[in-house]
Amino acid sequence: MQPQSTGTYISVDDYLVGELASQVRHEYVDGELYAMVGASDRHGLITVNLASLLSQRLPDRCQVFASDMKVRIQVAEREVFYYPDVLVSCDLRDREPYYRQYPCLVIEVLSPHTARLDRFEKFMFYRDLDSLEEYLLVSQDYRQVEVFRRAEQWDRIRYTKGEIPLRSVDLAIPIDEIYRRTDR
């Protein structure tokens, strides 16, 4: 099931104010809101594992967020806000309280409900962020991490074991630690 649109146009300002009071998170695409679906336990564990690893190992100037920080994308006349599963920004200009605009690394944990959206639509928008150096798609159903890098024209590199080099933050993460406590 894909996230459902509310079908009503809303301004960016109204969206941002509404998210502060809403009990349900929404992604925003060109004036339409899409309610976020719940995640499985495995999805949550992978997200926490990744965010914890990154937060512990990155310098203080880098900020790591898991699930609750929006990324704002402005391309031509289009405006989008997504909630990536993990977001890293090391850019000191990036200090808005409710969203980031200059992430260097974005990670999405794939679920059956969101895989198509993460793989195509979101990836298309994320690539328009000049600051973004790497985009990771992490399978929750089996050990596989797909890494896309700007420096490599966004070609995919698949990892199923060993360490995953994250050039955007000069760090390598063992795949075993990503899948810790997930039975995968």
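If you read the sequence from its start, that first residue is 1, and numbering goes on from there. In this text the structure is predicted, and so the values were computed from the model without any measurement.
Ring geometry, Phe81 versus Tyr15: the interplanar angle falls from 30° to 60°, so the pair is classed tilted. Ring geometry for Tyr82 versus Tyr126: interplanar angle over 60°, hence perpendicular rather than tilted (30 to 60°).
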Quick one, Ile10 with Tyr28, criterion side-chain contact (heavy atoms from CB on, under 4.5 Å). Give me CA distance, side-chain angles, the key distance, then yes/no.
CA-CA 9 Å; Ile10 187 168; Tyr28 177 96; 3.7 Å; yes
Check the pair Met124, Phe120 against side-chain contact (heavy atoms from CB on, under 4.5 Å), reporting the backbone distance first and the verdict last.
CA-CA 6 Å; Met124 177 186 73; Phe120 299 106; over 6 Å; no
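Rounding to the nearest 0.5 angstrom, the gap separating the CG atom in Leu105 from the CG atom in Leu50 is 9.0 Å. Glu121 contributes atom CD, which lies 9.0 Å from atom CD of Glu27 (distance to the nearest 0.5 angstrom). For the atom pair CD1 (Ile178) and CD1 (Ile46), the distance works out to 8.5 Å, reported to the nearest 0.5 Å.
In terms of modelled atom types and a separation under 3.5 Å, the side chain of Ser111 and the main chain of Thr114 share a donor-acceptor contact. Remark: the backbone N or O of Asn49 is not paired with any side-chain donor or acceptor of Glu177 at under 3.5 angstrom. Within the 3.5 Å criterion, the main-chain N or O of Gly18 finds no donor-acceptor partner in the side chain of Ser22.
Contacts of Asp128 classified as side chain to side chain donor-acceptor pair (under 3.5 Å), with partners at least two apart in sequence or in another chain: none. In terms of the side chain to side chain donor-acceptor pair (under 3.5 Å) criterion, residue partners of Ser11 (sequence neighbours excluded) are, by chain and number, Asp14.
Taking each heavy atom of Ile175 and Thr160 in turn, the nearest pair found is CD1-C, 3.6 Å. Looking at every heavy atom in both residues, Ala115 comes nearest to Leu110 through CA-CD2, 3.9 Å. What you find for Arg57 and Ala172 is that their closest heavy atoms are NH1-O, 3.9 Å. Shortest non-hydrogen contact noted between Asp94 and Pro103 is OD2-N, 3.8 Å. Nearest heavy atom pair, residue Gln101 against residue Ser131, reads O-OG, 4.0 Å. Minimum interatomic distance between Val24 and Ala35 (heavy atoms only, all atoms of both residues): CG1-CB, 4.1 Å.
Tested against Ser168, the residues Arg149, Glu134, Arg150 include a single side chain to side chain donor-acceptor pair (under 3.5 Å) partner, Glu134. Shown are Leu58, Ile173, Leu166; of these, the side chain to side chain contact (heavy atoms under 4.5 Å, CB included) with Leu53 is made only by Ile173.
Val75 and Tyr34 end up in the same hydrophobic cluster when Ile, Leu, Val, Met, Phe, Trp and Tyr side chains are linked at under 4.5 Å. A continuous path of hydrophobic side-chain contacts links Val12 to Tyr9 [ILVMFWY only; heavy atoms under 4.5 Å]. The same ILVMFWY cluster, assembled from side-chain heavy atoms under 4.5 Å apart, contains both Val106 and Ile73. Both Ile164 and Ile107 are assigned to one and the same hydrophobic cluster, defined by single-linkage of ILVMFWY side chains at heavy-atom distances under 4.5 Å. No continuous path of hydrophobic side-chain contacts links Phe123 to Val86 [ILVMFWY only; heavy atoms under 4.5 Å].
For CG of Asp68, the number of neighbouring non-hydrogen atoms (other residues, nucleotides, ligands) closer than 6.0 Å is greater than 12. For Asp155, the CG atom counts as densely surrounded, since its 6.0 Å shell holds more than 12 non-hydrogen atoms of other residues, nucleotides or ligands.
No side-chain heavy atom of Ser89 sits less than 4.5 Å from a side-chain heavy atom of Met69. Between Leu129 and Tyr102 the shortest side-chain heavy-atom distance does not fall below 4.5 Å.
The disulfide bond (SG atoms under 2.5 Å apart) pairs that include a residue from residues 73-172 are Cys62-Cys90, where partners are two or more places apart or lie in different chains. Residues in residues 71-80 take part in these side-chain hydrogen bond (donor to acceptor under 3.5 Å, both in side chains) pairs, two or more places apart or across chains: Asp30-Arg78, Arg72-Glu79, Arg72-Tyr99, Gln74-Glu79. Residue pairs meeting the disulfide bond (SG atoms under 2.5 Å apart) criterion with at least one partner in residues 144-184, sequence neighbours excluded, do not occur; the list is empty.
Comment: Asp91 does not engage Arg100 in a salt bridge, judged by the lack of any side-chain N to carboxylate O separation of less than 4.0 angstrom.
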Distance-only check: which donor-acceptor pairs under 3.5 Å involve side-chain atoms of residues 135-148, not counting sequence neighbours?
residue	atom	partner	partner atom	Å
Tyr135	OH	Asp118	O	2.7
Ser139	OG	Asp141	N	3.2
Ser139	OG	Tyr142	N	3.3
Ser139	OG	Tyr142	O	3.3
Gln140	OE1	Ser40	OG	2.8
Gln140	OE1	His43	N	3.3
Arg143	NE	Arg184	O	2.7
Arg143	NH1	Asp176	OD1	2.5
Arg143	NH2	Arg184	O	2.6
Glu146	OE1	Arg119	NH1	3.0
Glu146	OE1	Arg156	NH1	2.9
Glu146	OE2	Arg119	NH1	3.2
Glu146	OE2	Arg119	NH2	2.9

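Under the 3.5 Å distance criterion, with hydrogens and angles disregarded, a donor-acceptor pair is assigned to the side chains of Gln63 and Arg95.
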